[in-house]
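A note on names: the letters A, B, ... follow the listed sequences, proteins ahead of strands, and every chain is numbered from 1. These numbers were taken from a predicted model, which means no experiment stands behind them.
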Amino acid sequence: MTIQDRTLQNFNILHFQTDLLTWYSHNKRDLPWRSNQDPYTVWVSEIMLQQTKVDTVIPFYYRFLEKFPTVYALASAEEQEVLKAWEGLGYYSRARNLQHAVREVVEQYDGKVPDDPKELEGLKGIGSYTKGAILSIAYNKPEPAVDGNVMRVFSRLLNLEDDIAQPKTKKLFESIIREVISHEDPSSFNQAIMDLGATICTPKSPACMLCPVQEHCAAFELGVQEHLPIKSKAKKNKVMPYVALLLTNEQGEIAIEQRPEDGLLANLWQFPMVPVQDMDLELVEAWFLANYGMKIRLGNKQGNLKHVFSHLTWKIEIFEAECVQNSADRPEVRFVSKEELSTYPFPVSHQKMMQYL
DNA sequence: AATGCGGGGGC
DNA sequence: GCCCCAGCATT
């Protein structure tokens with residue numbers, strides 16, 4: 001007898017499926033990516049929805065598919081165009097991995113999104129969740145798609161106290177879902193759990209009195225639903241102080257630079273940033289000369305900006321500056337007009353600086 | 001298993 | 001402030 005069999009021994013699978021799917025058929029959310037089963041558009045939606053709320057995704061989803069309606073359109077686009085369409089959505093490696101994977105689909109799979117688990121998981125940006133979502137939603141295969149919703153809902157249904165921050169816990173839930181998923185309608189089953197988690201079985205103050213599967217819920221029976229799921233704390237982030245420069249040349253053009261192709265905000269553009277200790281402004285001009293080969297004159301302070309990422313915080317002082325002498329020739333640094341700025345993908349933090357121009 | 005990777009919204 | 005959100009890649 002396996003662990004999940006013991007876990008499920010008092011769980012009425014068929015009754016649960018019926019209650020869940022009946023509720024879903026009458027209460028499912030009307031979402032743009034539910035209008036068809038096109039594997040490409042399902043794929044795009046699932047990538048955008050990673051760690052991102054439905055309401056945030058919707059306008060990006062429409063704009064993205066208007067610009068890149070097919071795998072061929074996305075495969076043949078410039079990466080900068082794709083990043084521009086992703087601008088503001090965050091986790092930008094999702095966009096670059098998606099395009100990389102779509103190009104592989106065009107070249108290796110004749111433009112058809114694979115319906116094979118191994119082939120799907122081999123594509124950049126597709127992990128266990130997204131693989132299961134595409135297989136179940138686009139191809140009606142009974143594969144688990146375990147995300148935060150699924151772990152929360154089933155932690156409560158089965159009163160499981162496993163730490164959902166740990167990778168092995170996700171595997172446990174995948175084996176559980178394989179036991180309980182509907183083989184008649186796996187697409188609706190997976191999406192029903194997500195809708196339930198988003199609207200009823202919410203992280204705080206779950207609406208148990210409205211829940212269609214309340215009678216199946218061990219946590220509700222014990223009154224412990226508010227204490228589940230168990231999740232260990234993330235470590236707190238670190239503050240990084242910077243001076244950002246609104247740096248202009250004699251033509252009134254403004255300096256921007258492209259970030260490295262790896263790491264935070266990879267390949268996006270920004271105004272030059274100087275790391276500072278204790279906001280020691282004396283060193284900014286010298287640091288810039290040493291690192292950019294550009295003589296600048298620091299001007300007036302324009303404002304402050306605090307930007308919080310999931311793992312660090314930028315604390316930025318914004319200064320005007322003039323380029324006095326430019327003996328550098330770095331391709332990632334450009335002087336552009338204000339009008340041209342809108343053609344480059346910028347992180348939100350640097351979009352906020354544009355008000356000072 | 002642990003860490004890096006965005007940005008927004010709820011409380 | 002902290003937590004969460006239709007997670008994945010890398011180490």
Side-chain angles (χ1 to χ4, degrees), chain A residues 28-29 31-34 42-61 83 86-98 100-101 120-134 136-137 144-153 163-171 173-174 177 187 189-199 201-206 226 229-240 259-268 270 306-314 345-352:
Chain A
K28 64 178 161 193
R29 291 176 289 175
L31 302 173
W33 43 89
R34 287 180 174 171
V42 169
W43 183 7
V44 169
S45 72
E46 291 301 339
I47 299 297
M48 287 188 169
L49 285 161
Q50 289 169 6
Q51 296 292 285
T52 311
K53 290 201 158 92
V54 164
D55 290 342
T56 303
V57 165
I58 289 174
F60 284 90
Y61 176 81
L83 285 174
W86 212 269
E87 183 184 57
L89 192 55
Y91 284 151
Y92 298 95
S93 66
R94 291 184 296 177
R96 300 174 62 212
N97 288 339
L98 175 60
H100 183 96
L120 267 183
E121 203 162 19
L123 295 169
K124 272 267 191 305
I126 298 186
S128 62
Y129 165 77
T130 305
K131 172 187 64 173
I134 293 173
S136 61
I137 297 172
V146 174
D147 67 342
N149 284 312
V150 175
M151 290 195 282
R152 182 173 61 257
V153 169
D163 180 2
I164 66 167
Q166 294 188 344
K168 66 175 182 183
T169 303
K170 185 178 200 173
K171 293 179 190 270
F173 282 110
E174 284 172 348
I177 296 299
S187 169
F189 183 93
N190 280 342
Q191 295 186 82
I193 298 294
M194 296 180 215
D195 275 22
L196 189 67
T199 64
C201 195
T202 49
K204 278 167 285 189
S205 307
E226 300 269 8
I230 306 294
K231 187 177 184 182
S232 55
K233 310 286 183 201
K235 51 180 268 189
K236 50 187 251 185
N237 70 8
K238 187 183 173 188
V239 177
M240 313 278 286
R259 294 179 59 86
E261 63 177 356
D262 297 307
L264 182 65
L265 303 168
N267 280 359
L268 271 70
Q270 66 179 15
K306 193 177 85 158
H307 192 82
V308 180
F309 299 92
S310 45
H311 61 302
L312 59 88
T313 297
W314 280 354
F346 281 84
V348 167
S349 51
H350 283 252
Q351 290 178 45
K352 289 176 179 167

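- Atom C1' of nucleotide dA9(C) and atom CG of L123(A) are separated by 14 Å, given to the nearest angstrom.
- S45(A) comes within 4.0 angstrom of no nucleic acid atom, judged by non-hydrogen atoms across all strands.
- Across the protein-nucleic acid pair, N97(A) atom CG and dG4(B) atom C1' stand 14 Å apart, rounded to whole Å.
- Which of dC3(C), dC8(C), dA6(C) sits closest to the side chain of T130(A) comes down to dC8(C).
- Classification of the Y61(A)-W33(A) ring pair by plane angle, with boundaries at 30° and 60°, yields perpendicular.
- If R34(A) and G125(A) are placed on DNA chain C by their nearest nucleotide, the residue sitting closer to the 5' end is R34(A).
- Nucleic acid contact for W33(A): base, since at least one base atom lies under 4.0 Å from a heavy atom of the residue.
- Summarising the geometry, the separation between OH on Y129(A) and P on dA9(C) is reported as 14 Å, rounded to the nearest angstrom.
- Atom CG of D163(A) is separated from atom P of dC3(C) by 13 Å (rounded to the nearest Å).
- Between dC8(C), dA6(C), dC5(C), one nucleotide has an atom nearer to the side chain of P203(A) than all others, and that is dC5(C).
- In this structure, D163(A) contributes its side chain and S232(A) its backbone to a donor-acceptor pair below 3.5 Å.
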For residues 123-131 of chain A, which side-chain donor-acceptor pairs fall under 3.5 Å, sequence neighbours excluded?
{"from": "S128(A)", "atom 1": "OG", "to": "E174(A)", "atom 2": "OE2", "distance (Å)": "3.2"}
{"from": "Y129(A)", "atom 1": "OH", "to": "E46(A)", "atom 2": "OE1", "distance (Å)": "2.6"}
{"from": "T130(A)", "atom 1": "OG1", "to": "Q50(A)", "atom 2": "NE2", "distance (Å)": "3.0"}
{"from": "K131(A)", "atom 1": "NZ", "to": "E121(A)", "atom 2": "OE1", "distance (Å)": "3.2"}

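- Taking atom CD on Q166(A) and atom P on dG7(C), their separation rounds to 18 Å, with Å as the unit.
- As a whole-Å value, the separation of M194(A) CE from dC5(C) C1' is 13 Å.
- In this structure, the CD1 atom of I230(A) is 15 Å from the C1' atom of dC3(C), given to the nearest Å.
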### Query
In B/S/- notation, 5' to 3', how is nucleotides 5-11 of chain B contacted by protein heavy atoms closer than 4.0 Å?
BBBB---
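- Between dA9(C) and dG8(B), the distance separating the two C1' atoms is 23 Å to the nearest Å.
- Remark: DNA chain B takes part in the stems B:1-5 with C:7-11, B:7-11 with C:1-5, each of 3 or more antiparallel Watson-Crick or G-U pairs, criterion distances under 3.5 Å.
- Across all strands shown, L31(A) has heavy atoms under 4.0 Å from base atoms, whether or not it also approaches the sugar-phosphate.
- Here the closest non-hydrogen pair linking W314(A) and S349(A) is CZ3-OG, 3.5 Å.
- For the C1' atom pair drawn from dG7(B) and dT10(C), the interatomic distance equals 22 Å after rounding to whole Å.
- Distance noted for atom P between dA6(C) and dC11(B): 15 Å (whole Å).
- For the pair R152(A) and dC5(C), the criterion of a side-chain N or O lying under 4.0 Å from OP1 or OP2 is met.
- Considering every non-hydrogen atom in both R152(A) and G197(A), the closest pair reads NH2-O, 2.8 Å.
- E261(A) places no side-chain N or O within donor-acceptor distance of the main-chain N or O of N267(A), the cut-off being under 3.5 Å.
- Summarising the geometry, the separation between CH2 on W86(A) and P on dC8(C) is reported as 13 Å, rounded to the nearest angstrom.
- Between the side chain of N97(A) and the main chain of H100(A), no donor-acceptor pair closer than 3.5 Å is present.
- With respect to the salt-bridge test (charged N to carboxylate O, under 4.0 angstrom), the residues D195(A) and K28(A) do not qualify.
- Of the candidates dA6(C), dT3(B), dG7(C), dG7(C) carries the atom nearest the K170(A) side chain, counting heavy atoms from C-beta on.
- Contact record, N190(A) with G132(A): ND2-O, 4.3 Å, taken as the closest heavy-atom pair.
- Note on K124(A): only backbone sugar-phosphate atoms sit closer than 4.0 angstrom, heavy atoms only; bases stay farther off.
- The residue R96(A) sits apart from the nucleic acid: no heavy atom pair falls under 4.0 Å.
- Taking atom C1' in both dC5(C) and dG6(B), the straight-line distance is 12 Å, to the nearest Å.
- Across all strands, V57(A) comes closer than 4.0 Å to no nucleic acid atom at all (heavy-atom distances).
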